[in-house]
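Okay, so here's the structure we're looking at.
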Protein chains: 2
Amino acid sequence: MGAEDDLTPAQKTLAQRKQAQKTTSANGTPARRGRKPARAVEPDDADEGIEASDLDLTGLTSVVGYTLRRAQMAVFEDFSARFATLDLTPAQYSVLLVISDNPGRKQSEIARVLGIQRTNFVVMLDQLEKRGLAERTRSATDARSHAVFLTKAGTALLGKARKLQAAQEEDFASLLGPGGRDTLVALLRKVARID
Amino acid sequence: MGAEDDLTPAQKTLAQRKQAQKTTSANGTPARRGRKPARAVEPDDADEGIEASDLDLTGLTSVVGYTLRRAQMAVFEDFSARFATLDLTPAQYSVLLVISDNPGRKQSEIARVLGIQRTNFVVMLDQLEKRGLAERTRSATDARSHAVFLTKAGTALLGKARKLQAAQEEDFASLLGPGGRDTLVALLRKVARID
DNA sequence: TTTAATTGATATGGATCATAACAATATTTG
DNA sequence: CAAATATTGTTATGATCCATATCAATTAAA
């Protein structure tokens with residue numbers, strides 16, 4: 001827990017630096033999606049107020065909640081930067097992934113495992129469907145439910161996304177050391193009580 | 001990264017169960033603050049749709065971003081449940097902590113180290129000041145800035161909050177094992193690029 | 001001294017998330 | 001079977017969170 005976001009200009013992620021140019025030159029305006037990726041790309045305002053960090057933060061930097069929050073923000077931004085060219089938010093990526101691994105499931109099922117309110121999931125799916133990435137089909141057995149699938153385009157995009165995501169994991173591995181990444185995931189799963 | 005929040009009814013945190021009654025019997029209506037603490041307390045709807053998790057989530061459960069997100073949500077909820085009686089959000093707690101460790105600093109400084117936009121921090125401080133927990137003082141050296149301090153009440157409340165927070169850390173320690181918690185914090189700091 | 005930067009503040013829009021209500025359909029049960 | 005209840009997808013709506021633009025007062029820089 002802790003503050004809101006954070007990330008001073010100094011705390012740019014690897015990927016952001018790497019893709020800085022790429023992102024800008026990609027196309028005119030990639031039809032921004034979701035919250036603007038914070039400051040994935042911006043006029044070099046580096047070191048400007050980076051200092052002033054003579055403030056005492058020791059009360060927070062050893063707190064699980066705070067570091068968790070900060071890490072999540074950092075990873076989110078890194079993800080957004082990497083996925084900018086695909087115009088996919090983390091949430092959208094997770095939806096495509098789950099649909100891909102569970103084709104034909106009901107809307108509500110997909111939403112629930114991801115912890116998305118089915119009411120809000122409607123809009124998410126609308127967007128993915130509008131982009132031709134996913135599609136709803138009326139279930140033959142239950143006229144109420146919609147079976148959800150990825151389109152070919154959706155599968156193709158997910159393929160690219162998977163590669164970007166794999167690259168991110170590799171960067172984590174090299175940042176945290178060999179077993180560091182695995183250890184982190186294991187600890188996080190315990191905290192999140194997943195599985 | 002992953003979905004939105006999550007947390008099926010099965011995934012309650014220790015603290016939430018512990019404080020369930022406490023929270024409800026605390027007082028009439030503790031003047032809710034911030035987003036409702038999800039489902040810290042609720043009519044026992046335990047096991048209801050817990051199943052249906054025959055869905056394949058293997059594509060996500062090994063992803064740093066996703067587990068990070070889930071962990072953050074879980075910890076946030078746990079925190080909210082513990083701090084319900086104090087009516088403090090994680091963000092507010094972090095603000096009080098930083099002010100306490102850095103009394104007399106400018107508004108903008110406090111905000112910046114926490115990654116809060118100074119524009120949004122104005123409102124946060126307004127609330128804390130309205131509750132008599134913090135106060136602004138005109139700086140003698142710079143008529144523009146406000147020096148921020150905790151009031152006695154603020155210091156007192158922070159004292160209680162620190163204890164609750166310490167308890168949470170201890171629960172993490174017992175959940176993750178002796179060095180588990182420390183390892184987690186260390187890994188998260190690297191990921192967040194803190195320090 | 002004129003210009004630029006900082007500080008606190010207000011207003012506003014976007015994105016996220018939760019809840020209420022509803023129509024269509026399915027299931028339960030009396 | 002008929003009536004009551006539950007599920008599914010949907011729309012609408014409000015709250016919170018976060019970012020940007022703008023502004024007045026004040027200070028610092030040119």
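In what follows, every chain begins at residue 1, and chains take the letters A, B, ... in the order their sequences are listed.
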**Fill in**
Whole-Å distance, A:H146 NE2 to D:dT7 C1', equals 13 Å
**Prompt:** To the nearest angstrom, how far is A:F121 atom CZ from C:dC17 atom P?
**Reply:** 13 Å
**Message:** I'd like to know if A:D171 and A:R82 make a salt bridge, using a cut-off of under 4.0 Å between side-chain N and carboxylate O.
**Reply:** yes
**Request:** Rounded off to whole Å, could you give me the NZ-to-P distance for the B:K106 and C:dG8 pair?
**Result:** 7 Å
**Item:** Atom-to-atom span, CE of A:M124 to P of C:dA15 - whole angstrom
**Value:** 13 Å
**Prompt:** Would one find a side-chain N or O of A:Q107 under 4.0 angstrom from OP1 or OP2 of D:dT10?
**Reply:** yes
**Distance in angstrom units between A:L114 CG and C:dC17 P, rounded** = 12 Å
**Prompt:** Heavy-atom distance under 4.5 Å between the side chains of A:I116 and A:V95, does that happen here?
**Reply:** yes
**Pairing of B:K160 and B:D87 as salt bridge, 4.0 angstrom limit** = no
**Complete:** Between CZ of A:R112 and P of C:dA18 the distance, given in whole Å, is 15 Å
**Request:** May I ask you to decide if A:A74's main-chain N or O and A:D78's side chain share a donor-acceptor pair within less than 3.5 Å?
**Result:** no
Enumerate the protein-to-nucleotides 12-14 of chain D contacts in which both atoms are nitrogen or oxygen and the separation is below 3.5 Å.
| residue | atom | partner | partner atom | Å |
| --- | --- | --- | --- | --- |
| D:dA12 | N6 | A:T119 | OG1 | 3.3 |

**Asked** Once you round it to whole Å, what is the distance between C1' of D:dT8 and CD1 of A:I116?
**Response** 16 Å
**Message:** Between the side chains of B:R131 and B:D126, is the shortest nitrogen-to-carboxylate-oxygen separation below 4.0 Å, so that they form an ion pair?
**Reply:** no
**Asked** Any side-chain N or O of A:R136 less than 4.0 Å from the OP1 or OP2 oxygen of D:dT10?
**Response** yes
**Request:** In plain terms, say whether A:R105 and B:D56 are close enough for a salt bridge, that is, a side-chain N and a carboxylate O under 4.0 Å apart.
**Result:** no
**Atom pair distance, as rounded to whole Å: CZ in B:F76 and P in D:dC17** = 7 Å
**Request:** Apply side chain to side chain contact (heavy atoms under 4.5 Å, CB included) to the pair B:F83 and B:Q92, showing each step before the final yes or no.
**Result:** CA-CA 11 Å; B:F83 281 63; B:Q92 289 174 324; over 6 Å; no
**Item:** Presence of B:Q117 side-chain N/O under 4.0 Å of D:dA19 phosphate oxygens OP1/OP2
**Value:** yes
**Message:** Please confirm whether the shortest side-chain N or O distance from B:S145 to OP1 or OP2 of C:dT6 is below 4.0 Å.
**Reply:** no
**Request:** State whether the distance check finds a donor on one side and an acceptor on the other, under 3.5 Å, for side chain A:R144 versus base D:dG9.
**Result:** no
**Prompt:** Base, sugar-phosphate alone, or nothing: which one does B:R118 contact when heavy atoms must sit under 4.0 Å apart?
**Reply:** base
